[in-house]
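Take a look at the structure below.
Keep in mind the model is a prediction, meaning the values are calculated, not measured.
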Amino acid sequence: MNNSKLERINALAKKAKAEGLTPEETAERDALRREYINEFRQSLTNQLESIYIMDEDGNKKKLERKLH
């Protein structure tokens, strides 16, 4: 996510606290937040997929994904 979108999220959050948002601004804020969260999750998933655990014998094992 580029800096201009992050600045827009922050500006909308500040305006929401100060005076409230129009329905269009609320929709824009929600869309930007969803985009930010999706990119954050993808970045975290990529990091976790590159992690290996080393056992006592020195063997590398890929970190397994746990399901709920």
Side-chain angles (χ1 to χ4, degrees):
M1 177 165 276
N2 60 32
N3 284 338
S4 64
K5 287 184 179 180
L6 290 174
E7 289 172 0
R8 182 65 179 154
I9 290 171
N10 291 332
L12 289 170
K14 185 176 181 180
K15 183 177 179 189
K17 288 180 183 179
E19 59 192 73
L21 298 175
T22 65
E24 294 83 15
E25 289 171 329
T26 302
E28 179 187 6
R29 180 193 63 187
D30 293 344
L32 288 170
R33 283 180 174 175
R34 276 192 303 276
E35 182 180 346
Y36 176 81
I37 290 169
N38 289 339
E39 288 185 24
F40 179 84
R41 285 181 179 161
Q42 185 60 48
S43 174
L44 182 59
T45 300
N46 290 341
Q47 286 180 336
L48 292 174
E49 287 177 350
S50 68
I51 293 176
Y52 288 85
I53 304 296
M54 189 170 288
D55 64 14
E56 295 171 358
D57 299 327
N59 300 318
K60 288 183 180 179
K61 181 179 175 186
K62 190 164 183 138
L63 187 64
E64 293 180 13
R65 184 177 209 162
K66 290 186 178 181
L67 301 176
H68 300 27

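Here CD of Glu28 is found 9.5 Å from CD1 of Ile9. Values are rounded to the nearest 0.5 Å. For the atom pair Lys62 NZ and Glu49 CD, the distance stands at 6.0 Å (nearest 0.5 Å).
For the pair Asp55 (side chain) and Asp57 (backbone), a donor-acceptor distance under 3.5 Å is present.
Residues passing the side chain to side chain donor-acceptor pair (under 3.5 Å) test with Ser4 are Asn2, sequence neighbours excluded. Legend: residues meeting side chain to side chain contact (heavy atoms under 4.5 Å, CB included) with Lys61, ordered by chain and number and at least two apart, are Glu64. Applying the salt bridge (charged side-chain N to carboxylate O under 4.0 Å, His left out) rule to Arg33 yields no partners; only residues at least two apart in sequence or on another chain are considered. Taking the side chain to side chain contact (heavy atoms under 4.5 Å, CB included) definition, one finds that Asn10 meets it with nothing, sequence neighbours left out.
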Identify all side-chain donor-acceptor contacts of residues 20-27 below 3.5 Å with residues at least two apart in sequence or on another chain.
unit_1: Thr22; atom_1: OG1; unit_2: Glu24; atom_2: OE1; d: 3.4
unit_1: Thr22; atom_1: OG1; unit_2: Glu25; atom_2: N; d: 3.2
unit_1: Thr22; atom_1: OG1; unit_2: Glu25; atom_2: OE1; d: 3.4
unit_1: Glu25; atom_1: OE1; unit_2: Lys15; atom_2: NZ; d: 3.0
unit_1: Glu25; atom_1: OE1; unit_2: Thr22; atom_2: N; d: 3.0
unit_1: Glu25; atom_1: OE2; unit_2: Lys15; atom_2: NZ; d: 2.7
unit_1: Thr26; atom_1: OG1; unit_2: Thr22; atom_2: O; d: 3.0

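Criterion: ILVMFWY side-chain heavy atoms under 4.5 Å apart, direct or through other members. Under it, Leu32 and Phe40 are not part of a common hydrophobic cluster. Hydrophobic clustering places Leu48 together with Ile53 (ILVMFWY residues linked when any side-chain heavy atoms are closer than 4.5 Å, directly or through intermediates). A single hydrophobic cluster is not seen to contain both Ile51 and Met54; linkage of ILVMFWY side chains at heavy-atom distances under 4.5 Å, directly or through other members, places them apart.
Residue pairs that meet the side-chain hydrogen bond (donor to acceptor under 3.5 Å, both in side chains) test with at least one member in residues 37-46, sequence neighbours left out, are Gln42-Asn46.
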Show, in sequence, the C-alpha distance, side-chain angles and deciding distance for Arg34 and Ile37, and conclude whether the side chain to side chain contact (heavy atoms under 4.5 Å, CB included) test is met.
CA-CA 5 Å; Arg34 276 192 303 276; Ile37 290 169; 5.9 Å; no
